[in-house]
Structures are given as C-alpha cells and as structure tokens.
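Single-structure report; data block below.
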Amino acid sequence: MKPSLPQGTRDFAAETLHKRRFIIDTIKETFELYGFEPLETPSIENLETLMGKYGDEGDKLIFKILNNGLDNPSKRENVIKEFEHILSGKNNKNITERALRYDLTIPFARFMAMNQGKLTLPFKRYQIQPVWRADRPQKGRYREFMQCDADVAGTYSLISDVELAEIYADVFGKLKIDVEIKINSRKILYALAEVCDSIDNITAITIAIDKLDKIGMEKVKEELKETGLSEKSISIIENYISIEGSNSEKLDKIETLVGASETGKKGIEELKFVLDFLKNDDSKRINKVILDFTLARGLNYYTGTIYEVKARNVQMGSIGGGGRYDDLTGLFGVPNIPGVGISFGLDRIYDVMEELKLFPEEINRATEVLFFNLGEKESKHAFYLMQKLRHQNISCELFYENVKLDKQFKYATKKNISFAVIIGSKEMEEKNCLVKNLGTGEQKTIPETELVDFFK
RNA sequence: GUGGUUGUAGCUCAGUUGGUUAGAGCAUCAGAUUGUGAUUCUGAGGGUCGUGGGUUCGAGCCCCAUCAUCCACCCCA
C-alpha cells in the first residue's frame, strides 16, 4: 500500500517545527505575562456539545466520528433505520455521538460549565491545541490547524477586552508582523439592524457587510436587496459602510446613525472605553487598533466587542479573531458567566512569516557543537569531553562513524551546526582539541580543560 | 458542498501531431583524496509517468472515473 495523508493534513519536519515553536513560544510567553493559565481539553467532544454553536455552515464543517459497533448484527435493523435520519441531514446519536473539536472556545465554555464553583472567577485560561474543520483546503486553510486562544471568563470589565487587544499588539510586535487589529461591536451591528427594521436579517446583513473590501459596495447592495431589504434600509447601510476617518471621527459619525438605539448607545460607550484605554498606552508600537464598522465575524455567540487581525502586505485571510460573549456557558445550563477571548491562527501566522521572510536566521540551530569521529580511541575520548559540555547545557553531537572528514563537515553544514571539535591522535597526546567555527572557517587549538569555558 | 488547475526520479522540472530502451539539473552513493566542508573532476544507483479502467497495431501524451495538490466561491484561523 502506498502511504498518504488525509486531505488537508500535513507532517511537520524539524525545520518547520522549529519555526512553529518559535511562534508558539512567543504567544505562550505573552499569555503568561498577562496572567493566563494553561488548559487542554480532549480532541474529541460529544457531538451534542458542538452542534448548533457555529451556525448552519459551521455544523456542516464539523468532523463527525462514526460510532463503533455498528456492525453488530443484533443492532442491524435499528442502525439502518437510524441511518435514514443521517441521509436527510439530521444527526443521530446512534450513528455518531462524538466529533473532532472545531474550535477552542466552545470546549472552554463546556469546561467552565462543568467546573463552575471550583474555579475562582474571573478565570483566565489559554489553550494551544489543534482543531479540525471539514473545509476544502486552499491558501491559508487546512483541515487540521492550530489555534492559540486566551479567554477571560467571569467578568464584564472591559479592561479584559483592552488587555486582549494589547496581547495582539504585543505578540505581532514581537513577531515583527505588521498588522491591522480591527475592532467593532456586535451591539453596533445589532443597532444597525434595528434602525433598518430588520433584526431578523441581522446575520445576512452582517455577512454582506463583512464582504465589503472583497466584493465592493455595489455587490454588497445587491446581496442586501436579495435578502429582501427595503431601499431605505439599504441606503442606511450604505451610509454606515461609508463611515471613514480616525477612530474618534468614526465614533462621532456612528452616533448620529445608531445612537438613538439603546443597544447602539451601549456599543458606542463600550468601544469608546476600550479605545480610550488603549490610547493611554503610549508605548511605541507598529500595530494599532483600528475601528472598523464593517467587521462582522460569523460566529453567532459574540455579543460585544469583536476583533479581527489582518497582516499587511500579504494576501491572507485573518490571522486572528475573537470577541466578547455574554452568555456562552448559558448554552450548557450555567447562566451569567460572561467572557471575552481571542484566537491566534498559528498556521496562517506561519505562512505569513514565511512569505515575508520574518523568521530569524538562527532559528534552525539545534545542535551547537559537532565532535568529529576520528577513530575508536579518539571518539571515546571525544565522547567523554562531549558529555561535559552537555552537562553544562551546551547541545552537542558526536559523529557516530569514523568516515571521511568531508562527510562529517557536510553533516554539520546541513544541520546548521556552529562549531566542530576535532580530536585526533595528535590532539589526544597533547591533551588539546581543535575547535573550528564553521561559519567563519576560523580554527584554533585549545587545551581540552578550557573547552567548556570556550562554549559557556 | 460548487467550479477550475496540476500530478513524470528524493526535489525542481523537460518530454514535439500518439511511435523503438522516458531525459536534465540539484540531491544521494562510490572513487580521485586515510586530518579540513559549504566552491573541483569521474562514475553509479534510482521511475509500474498519482491510481483504476477505456480508445488504439501502439498511450507519459487522447477519453472516463478516482485520489491527491494548488486556487477561487461558500464560510473561516
């Protein structure tokens, strides 16, 4: 049989993994700097936990797992009957009751609901794990990919919203990715629908608005028309979309449009609070938070601020997203635990950094020193010296075979090893070793007693 | 889920209107060179042309199906 991978999945070799780890470490460090604690949940959840949380499209993209034991003859008739439900598009516990995790937010909400009372609120957790979506793969889209989430649960304080925006700015600053951190509020979108007298169509409106920069104003209007909005509503939405200027100018303009709505007023207040707080952080950074009323986001559990991050100078969908949800655990029978969270898309961040060549050179240097093998006695001696270095936390390797130096050099070059230590019979006799810098080609002989200090 | 693209050696790719034994560069291995590489020279190995059918005297090339890739739509990280 020919080995192959399922569609949309990948193996990661050392070079890729070093780079991925570089990103993950940066994110993890930043999360911990802000007081978040780690959490891991299972790869599989009960299908019931996930269904209905991501919208109709989302439900279709959940990987469902076939139950075991369906071939049991005694269940045969029942299984065939239940399978009819599947064929008509309904899920059925008797056929599939488990599914692969689709994101990290819903499992987190499930965890909160299951552990309420045990956790001190507000609870700040971060989670870095793969998720799966049965999407067709394309640029920046995989069927298995890594999400890095940070969520604050149990507080309405908008300071937590501010902090998450700061985390975005910090992480992408550290990674040297030039990004736009877009912010909006679901409340404002809701108010817009209210003003248009089309609350039932809020999803269609937001989806259409969200496409603005992709399809342009005319197409957006067409789409709105098709969903049955009145001319008047469409012109309100056109005004809404056309709002431009600085963040504070935009806030002034939105006030006249949706300020009459209670929800709209609240949304404006909240955005003002967050943006004002961010303005007080005068640290010089390339990444700024930009108010964008066309930002919508599909996930329907968001209720307040919403975020999305896009990299500049590169063609790639969003590399991060998040927002506030006032009652996520309510879905699991535990009301009144609000939360706010953000997610980093590791795989897309990787693709962006690769395309913009943002990974540091030295990232693939795992082994520092290679000890050459020049014979039985020599290699034994070299091994003894090497262990001394290893115990001082200097990563080393001894070439396993006594082959031509040429080969040993090539191995070192391939693995991007910085130094070679060559110990032959002459060096052994004189209790010396020859250290060669493989980058510069410089080499010198030093007493073996000084070897550890040389690398420390 | 819908539409398009590509699939030939480990990698990047040639391969004429269908015609004998399918090529190149890089990489690998061996030797020139038994203590100095990333830059020399010589030679060697490596392919059921994605897979399965079909058309044909004859298919890497044409047709159908299927799998995978990349891309777009839907949606999203």
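Sequence lines set the chain letters: A, B, ... in the order given, protein chains first and strands last, and positions in each chain run from 1.
For the 3.5 Å distance criterion, the side chains of A/Ser395 and A/Glu368 fail to qualify, holding no donor opposite an acceptor. Side-chain polar atoms of A/Gln127 and A/Arg125 form a donor-acceptor pair below 3.5 angstrom. For the residue pair A/Tyr126 and A/Glu32, a side-chain donor N or O sits within less than 3.5 Å of a side-chain acceptor on the partner. Judged by distance alone, the side chains of A/Asn432 and A/Thr445 never bring a donor and an acceptor atom under 3.5 Å apart. A donor and an acceptor atom, one from each side chain of A/Tyr302 and A/Asn184, are nowhere located under 3.5 Å apart.
A/Leu438 comes within 4.0 angstrom of a base, heavy atoms only. Within 4.0 Å of A/Gly424, counting heavy atoms only, lies at least one base atom of the nucleic acid. The residue A/Ser425 sits close to a base: some heavy atom pair falls under 4.0 Å. Residue A/Lys426 is in base contact, counting any heavy-atom pair closer than 4.0 Å across all strands shown. A/Gly8 comes within contact range of the sugar-phosphate backbone alone, with a heavy-atom separation under 4.0 Å but no base atom that close. Nucleic acid contact class of A/Tyr411 (heavy atoms, under 4.0 Å, all strands): none. Nucleic acid contact for A/Gly320: sugar-phosphate only, since backbone atoms but no base atoms lie under 4.0 Å from a heavy atom of the residue. Nucleic acid contact for A/Ile349: none, since no nucleic acid atom lies under 4.0 Å from a heavy atom of the residue. Looking at heavy-atom distances under 4.0 Å, A/Ser343 makes no contact with the nucleic acid at all. Here A/Lys436 lies in heavy-atom contact (under 4.0 Å) with a base.
Counting only heavy atoms from C-beta on, A/Lys211 has its side chain closest to B/C74 among B/A77, B/C74, B/G3. Considering only the side chain of A/Arg141, B/C75 comes nearest among B/C75, B/G35, B/U36. When the nucleotides B/G35, B/C73, B/G37 are ranked by their closest atom to the side chain of A/Leu405, B/G35 comes out on top. Among the nucleotides B/A77, B/A38, B/U69, the one closest to the side chain of A/Ser318 is B/A77.
Taking only side-chain nitrogens and oxygens, A/Lys407 never comes nearer than 4.0 Å to OP1 or OP2 of B/U28. Under 4.0 angstrom from either OP1 or OP2 of B/C73 there lies at least one side-chain N or O belonging to A/Lys214. At least one side-chain nitrogen or oxygen of A/Gln138 sits closer than 4.0 Å to the OP1 or OP2 atom of B/A72.
Nucleotides B/G58 and B/U21 have their C1' atoms positioned 15 Å apart, rounded to a whole Å. B/C41 and B/G4: their C1' atoms are spaced 49 Å apart (whole Å). Nucleotides B/G18 and B/C26, compared at atom P, are 33 Å apart to the nearest Å. Rounded to the nearest Å, the gap between the C1' atom of B/G19 and that of B/U56 is 12 Å. A distance of about 37 Å separates the P atoms of B/A22 and B/U33, rounded to the whole Å. Nucleotides B/A9 and B/C70, compared at atom C1', are 22 Å apart to the nearest Å. Between B/C71 and B/U12, the distance separating the two P atoms is 15 Å to the nearest Å. Taking the C1' atom of each, B/C75 and B/G10 are spaced 37 Å apart, rounded to whole Å.
Below the 3.5 angstrom threshold, one finds no donor paired with an acceptor across the side chain of A/Gln408 and the base of B/U36. Between the side chain of A/Glu427 and the base of B/G35 there is at least one donor-acceptor pair of N/O atoms closer than 3.5 Å. Between the side chain of A/Arg136 and the base of B/C73, no donor-acceptor pair under 3.5 Å is found. A donor and an acceptor atom sit less than 3.5 Å apart, one in the side chain of A/Arg348 and one in the base of B/C76.
In this structure, A/Lys404 atom NZ and B/U34 atom P are separated by 7 Å, rounded to whole Å. The interatomic distance linking A/Asp135 (CG) with B/G1 (P) rounds to 10 Å, in whole Å. Regarding A/Lys414, its NZ atom lies at a distance of 12 Å from the P atom of B/A38, rounded to whole Å. We find that CZ of A/Phe409 is positioned 14 Å from P of B/U39, with the value rounded to whole Å. What separates CG of A/Asn437 from C1' of B/U36 is a distance of 14 Å, to the nearest Å. If you measure from atom CD of A/Glu355 to atom C1' of B/C70, you get 14 Å, rounded to the nearest angstrom. Distance CH2 (A/Trp132) to P (B/A77): 16 Å, rounded to an integer number of Å. Protein atom CD of A/Gln7 is 19 Å distant from nucleotide atom P of B/U51, rounded to whole Å.
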Worksheet, complete the sentence: Pairing string of RNA chain B (Watson-Crick or G-U wobble, both atom distances under 3.5 Å; | = paired to other strand) is ((((.((..((((.....[...)))).(((((.......))))).....(((((..]....))))))).))))....

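Comparing A/Ile215 and A/Leu374 by the nucleotide of RNA chain B that holds the closest heavy atom to each, the one mapping nearer the 5' end is A/Leu374. Annotation: of the two residues near RNA chain B, A/Phe145 and A/Pro137, the 5′-most nearest-nucleotide partner is A/Pro137.
Aromatic ring centres of A/Phe22 and A/Tyr350: separated by at least 6.0 Å.
Between A/Tyr168 and A/Tyr307, the two ring planes are perpendicular [angle over 60°; tilted spans 30° to 60°]. Ring-plane geometry between A/Tyr301 and A/Tyr54 is classed as perpendicular, the angle between the planes exceeding 60 degrees on a 0 to 90 degree scale with a lower cut at 30. Ring orientation note: the planes of A/Phe123 and A/Phe108 are close to parallel, at an angle under 30° on the 30°/60° scale. Under the 30°/60° scheme for interplanar angles, the aromatic rings of A/Phe344 and A/Phe172 are found to be tilted.
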Worksheet entry | Trace of the ring pair (Phe, Tyr, Trp, His ring centres under 6.0 Å) decision for A/Phe371 with A/Phe383 | CA-CA 8 Å; A/Phe371 284 78; A/Phe383 187 83; 9.3 Å; no

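Per the stacking criterion (ring centres < 5.5 Å, plane angle < 30°), A/Phe344 does not stack onto the base of B/A77.
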